[in-house]
There are 2 protein chains.
Amino acid sequence: MKEIKTSGRITILNDYLEKKGLKSTQQRYDIADAFFKTTAHVSLDELLRRVRRRNPDIGYATVYRTMRLLTESGLALARQFGDGQTRYENVPEDGHHDHIICLRCSKIYEFHNRKIEELQEDVAKKMGFEVIRHKLELYGYCRDCA
Amino acid sequence: MKEIKTSGRITILNDYLEKKGLKSTQQRYDIADAFFKTTAHVSLDELLRRVRRRNPDIGYATVYRTMRLLTESGLALARQFGDGQTRYENVPEDGHHDHIICLRCSKIYEFHNRKIEELQEDVAKKMGFEVIRHKLELYGYCRDCA
DNA sequence: CTGGCTGCAAATCATTTGCAAACGA
DNA sequence: TCGTTTGCAAATGATTTGCAGCCAG
């Protein structure tokens with residue numbers, strides 16, 4: 001039996017809200033729910049569009065503020081790809097992953113390596129940092145394109 | 001004998017301008033020169049401030065437009081660290097480094113770790129990839145902001 | 001009740017562009 | 001000369017905030 005994916009994450013959000021003395025509202029639920037269903041990197045505009053299919057009265061600012069909450073609670077990742085828009089990445093339940101991208105065919109593969117992450121922690125600690133998250137992207141040529 | 005660092009890069013810029021039918025101007029020279037002397041990640045404001053120490057009449061827009069040229073010609077790297085400002089990195093002659101960024105105060109430090117890079121190579125090789133370059137950014141809280 | 005939330009509109013902030021005058025080739 | 005460049009100011013676009021009324025706890 002597999003639990004419905006979003007339910008666990010909604011719980012994480014609710015716990016976060018409670019811990020901060022914030023409130024669970026229908027809007028926050030609608031936005032989180034819509035966001036958890038995304039797979040790529042959504043902009044605020046795109047997300048607002050989706051949320052409004054369910055709840056047409058929601059405003060841009062509410063989506064903006066909710067995405068900040070989701071980001072703070074670790075459920076979303078704010079990313080900049082240089083096109084002037086912040087995009088939000090849905091952090092999957094089974095943890096994050098890194099990317100390896102082929103410079104010729106543009107295919108993106110995912111990987112995860114615990115040892116690398118340990119070393120990252122070491123480096124950070126040495127510099128007095130507490131790491132919250134990281135981004136690692138390898139660019140090169142895949143087997144087919146080498 | 002080592003050539004003066006910036007002179008070669010100014011040549012690259014001039015070649016680029018000529019190829020595009022653009023002109024060499026004092027402003028472009030001043031801006032490029034100031035930029036080549038930077039070591040960290042300068043914002044446009046910061047760069048403008050530096051350029052004006054030499055040439056007080058230069059405007060923001062000119063710096064903006066010149067940095068676009070430098071980026072196009074490969075001499076600068078435009079980067080987004082999530083603090084809402086585009087920063088320009090002086091592509092160093094002696095290779096790259098990685099970044100660790102404070103989520104509160106937005107300070108950016110650099111580091112370099114050979115072991116991490118070896119592991120990256122390992123991961124890539126296992127996936128049939130040949131790595132050309134990579135990007136690694138750690139986000140967290142620095143000593144002062146933790 | 002009450003302090004947090006929402007939607008709106010207005011304010012910010014960085015970036016980008018239009019334009020007349022100045023300039024390089 | 002002629003097309004490019006410049007500095008200014010204004011336009012743009014995304015993001016952020018103030019506020020009056022609304023709502024969850």
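Residue numbers start from 1 in every chain, and the chains themselves are labelled A, B, ... in the order their sequence lines are given, proteins ahead of strands. No experiment lies behind these values; they were computed from the predicted model shown.
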Could you check whether any side-chain N or O of B:N90 sits under 3.5 Å from a backbone N or O of B:F36, counting only pairs where one atom can act as donor and the other as acceptor? yes

Side-chain N or O of [X] less than 4.0 angstrom from OP1 or OP2 on [N]?
X     : N      : value
B:T86 : C:dT15 : yes
A:Q85 : D:dT15 : no
B:Q27 : D:dG7  : yes
A:Y60 : D:dT15 : yes
A:Y64 : D:dT16 : yes
A:T25 : C:dT6  : yes
A:S24 : D:dA24 : no

Closest of C:dG7, D:dT15, C:dG18 to the B:R65 side chain is C:dG18

Closest to the B:K23 side chain: D:dA9, C:dG7, C:dG24? C:dG24

Protein-nucleotide distance (A:D45, atom CG; D:dT12, atom C1'), rounded to Å: 14 Å

How many Å lie between CZ on A:R68 and C1' on C:dG4, as a whole number? 14 Å

Between B:R50 and B:E46, does at least one N-O distance fall below 4.0 Å, as a salt bridge requires? yes

Student check: side-chain heavy atoms of [X] and [Y] closer than 4.5 Å:
X      : Y     : answer
B:E117 : B:D98 : yes
A:Y29  : A:S24 : no
A:L69  : A:K20 : no

Closest to the 5' end of DNA chain C, once A:R52 and A:L17 are matched to their nearest nucleotides, is A:L17

Under 4.0 Å between any heavy atoms, over every strand shown, what does B:D57 touch: base, sugar-phosphate, or nothing? Just pick one. sugar-phosphate

Quiz item: A:R28 side-chain donor-acceptor pair to C:dG4 base, under 3.5 Å: no

Could you pick out which residue, A:R87 or A:Q26, lies toward the 5' side of DNA chain D when each is mapped onto its nearest nucleotide? A:R87

